[in-house]
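Notes for the one structure printed next.
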There are 2 protein chains.
Amino acid sequence: MKRHTWQREAVREALGTTEGFVSAQALHARLRDSGSSVGLATVYRALADLAVEGDADSLQQEGESLYRACTPGSHHHHLICRRCGTTVEIAADPVEQWAHEVAAQNGFTRPDHVVDIFGYCVDCSKAL
Amino acid sequence: MKRHTWQREAVREALGTTEGFVSAQALHARLRDSGSSVGLATVYRALADLAVEGDADSLQQEGESLYRACTPGSHHHHLICRRCGTTVEIAADPVEQWAHEVAAQNGFTRPDHVVDIFGYCVDCSKAL
DNA sequence: AGCGTTTTTGACAATCATTCTCGATAAGGG
DNA sequence: CCCTTATCGAGAATGATTGTCAAAAACGCT
């Protein structure tokens with residue numbers, strides 16, 4: 001059975017109060033700075049669990065996994081600022097359908113997809 | 001200036017005769033088995049170069065980078081079999097446009113995107 | 001509240017892909 | 001053929017992530 005611990009709650013909360021994607025390392029550092037004593041391994045475990053349960057989205061960038069809290073249960077994609085990490089959740093209904101069609105046309109079953117858009121957000125566009 | 005070496009050519013060719021995505025490690029192993037003496041670091045360097053030059057596509061999966069030869073110069077996406085790695089290049093014009101629009105609507109500039117569809121190919125669907 | 005069972009934790013070691021280092025090697029131009 | 005300079009290769013170094021295992025803490029039960 002799954003147990004409820006203050007560590008997991010701390011990770012969940014830290015992730016929730018974060019703008020954009022964070023790495024496990026960064027989140028651990030932040031927790032430590034806030035006086036928490038969670039272990040690094042625990043943060044990794046908690047994030048992996050959150051991702052499995054659908055309470056967090058994850059993506060790989062430059063060899064590390066980044067996580068972000070997300071509205072649970074809803075399927076969506078992201079628009080991510082390459083510079084500051086700010087993230088906007090976007091619906092992509094037309095793309096969902098397109099993905100299904102393309103998969104079917106090629107005889108593929110159980111299609112799943114990765115759709116993310118990277119760019120520079122308003123502020124960062126100015127700053128360049 | 002960029003020099004032409006048999007090592008780079010070997011990597012390029014090995015990649016070209018590969019169905020689906022391969023990891024640098026796997027490609028190196030294959031080259032070694034074929035009697036080649038290329039070093040692992042060289043394979044990594046060659047693949048990174050090919051990706052930059054647009055002669056190879058890359059994607060990250062489970063913490064490792066996978067590469068695949070691709071039709072140079074053309075922008076496209078992939079439909080990848082989760083089980084055997086077979087890959088189909090797909091055009092996604094409607095998605096390209098959609099990505100641009102969504103980015104613009106949110107004030108993002110220089111949009112780039114990652115669009116990949118995973119599933120089970122015809123053969124693997126039967127095998128399950 | 002007290003107990004026992006079982007999951008979770010955390011410090012550290014271990015792993016694994018990738019990158020760096022640096023002397024040796026070889027491409028290409030002249 | 002020679003010289004300059006990019007590239008190679010072997011192994012060390014790095015850095016994120018995962019495994020190990022004894023100690024700590026949840027939860028169900030009484």
Side-chain angles (χ1 to χ4, degrees), chain A residues 1-15 18 20-53 55-69 80 82 85 114 116, chain B residues 1-15 18 20-53 55-69 80 82 85 114 116:
Chain A
M1 124 221 4
K2 191 172 59 177
R3 291 180 184 176
H4 188 98
T5 65
W6 66 265
Q7 286 96 332
R8 277 211 227 280
E9 213 38 63
V11 170
R12 186 188 290 272
E13 204 236 321
L15 193 66
T18 299
F21 283 82
V22 246
S23 67
Q25 309 260 1
L27 204 63
H28 175 245
R30 179 178 312 182
L31 284 164
R32 274 293 166 87
D33 290 347
S34 313
S36 176
S37 65
V38 255
L40 176 56
T42 303
V43 174
Y44 272 102
R45 286 187 281 239
L47 286 175
D49 286 351
L50 287 175
V52 167
E53 292 161 23
D55 291 339
D57 285 317
S58 71
L59 64 84
Q60 334 267 142
Q61 194 174 45
E62 295 170 31
E64 65 179 1
S65 292
L66 302 182
Y67 297 87
R68 177 172 193 282
I80 305 151
R82 218 180 252 122
V114 178
D116 287 307
Chain B
M1 125 222 3
K2 191 172 59 176
R3 292 180 183 174
H4 188 101
T5 65
W6 65 265
Q7 286 96 334
R8 278 210 226 281
E9 212 40 61
V11 170
R12 186 188 291 271
E13 205 237 320
L15 194 66
T18 299
F21 283 81
V22 244
S23 68
Q25 308 259 2
L27 204 63
H28 175 244
R30 181 177 313 185
L31 284 164
R32 275 294 166 87
D33 289 347
S34 314
S36 176
S37 65
V38 255
L40 177 56
T42 302
V43 174
Y44 272 102
R45 287 188 281 242
L47 286 175
D49 286 351
L50 287 174
V52 167
E53 292 160 24
D55 290 339
D57 285 317
S58 71
L59 64 85
Q60 335 266 144
Q61 195 176 41
E62 294 171 30
E64 65 179 0
S65 292
L66 302 181
Y67 298 87
R68 177 173 192 281
I80 305 151
R82 218 181 252 123
V114 177
D116 287 306

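Lettering follows sequence order; numbering is per chain, from 1.
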d([atom1], [X]; [atom2], [N]) in whole Å:
X: A:Gln25; N: D:dT18; atom1: CD; atom2: P; answer: 11 Å
X: B:Leu40; N: D:dA12; atom1: CG; atom2: P; answer: 14 Å
X: A:Trp6; N: D:dA26; atom1: CH2; atom2: P; answer: 10 Å
X: B:Gln60; N: D:dA16; atom1: CD; atom2: P; answer: 15 Å
X: A:Arg45; N: D:dT17; atom1: CZ; atom2: C1'; answer: 12 Å
X: A:His4; N: D:dG28; atom1: NE2; atom2: C1'; answer: 17 Å
X: B:Leu31; N: D:dG9; atom1: CG; atom2: P; answer: 11 Å
X: A:Leu27; N: D:dT17; atom1: CG; atom2: C1'; answer: 15 Å

When rounded to the nearest 0.5 angstrom, what distance separates [atom1] in [X] from [atom2] in [Y]?
X: A:Phe21; Y: A:Ser65; atom1: CZ; atom2: OG; result: 11.0 Å
X: B:Tyr44; Y: B:Leu27; atom1: OH; atom2: CG; result: 11.0 Å
X: A:Arg68; Y: A:Asp55; atom1: CZ; atom2: CG; result: 13.0 Å

Of D:dT5, D:dG19, D:dT17, the nucleotide closest to the side chain of B:Arg3 is D:dT5
Comparing B:Ser23 with B:Lys2, nearest DNA chain C nucleotide closer to 5' gives the residue B:Ser23
The residue, B:Gly39 or B:Met1, whose nearest nucleotide of DNA chain D is more 5′ is B:Met1
| task | With heavy atoms under 4.0 Å as the rule, sort A:Ser37 into base, sugar-phosphate or nothing. | result | sugar-phosphate
Mind checking B:Arg8 for me? I need base, sugar-phosphate or nothing, with any heavy atom below 4.0 Å counting as a touch. sugar-phosphate
Min and max contacting nt of DNA chain C in 5' to 3' order, chain A heavy atoms within under 4.0 angstrom, are C:dT6 to C:dA11
**OP:** Considering just the side-chain nitrogens and oxygens of A:Tyr44, establish if one lies under 4.0 Å of OP1 or OP2 belonging to D:dT18.
**Re:** no
**Study point:** Under 4.0 angstrom between B:Thr5 side-chain N/O and D:dT7 OP1 or OP2
**Key:** no
Strictly by modelled atom types, are B:Ser36 and B:Arg30 linked by a side-chain donor-acceptor pair under 3.5 Å? no
Check your understanding: Sub-3.5 Å donor-acceptor pair from the side chain of B:Arg32 to the main-chain atoms of B:Val38, do we have one?
Key -> yes
In terms of heavy-atom contacts, B:Leu31 and B:Ala14 come closest through CD2-CB, 3.9 Å
Could you tell me whether A:Lys2 and A:Glu53 have a side-chain N and a carboxylate O separated by less than 4.0 Å?
yes
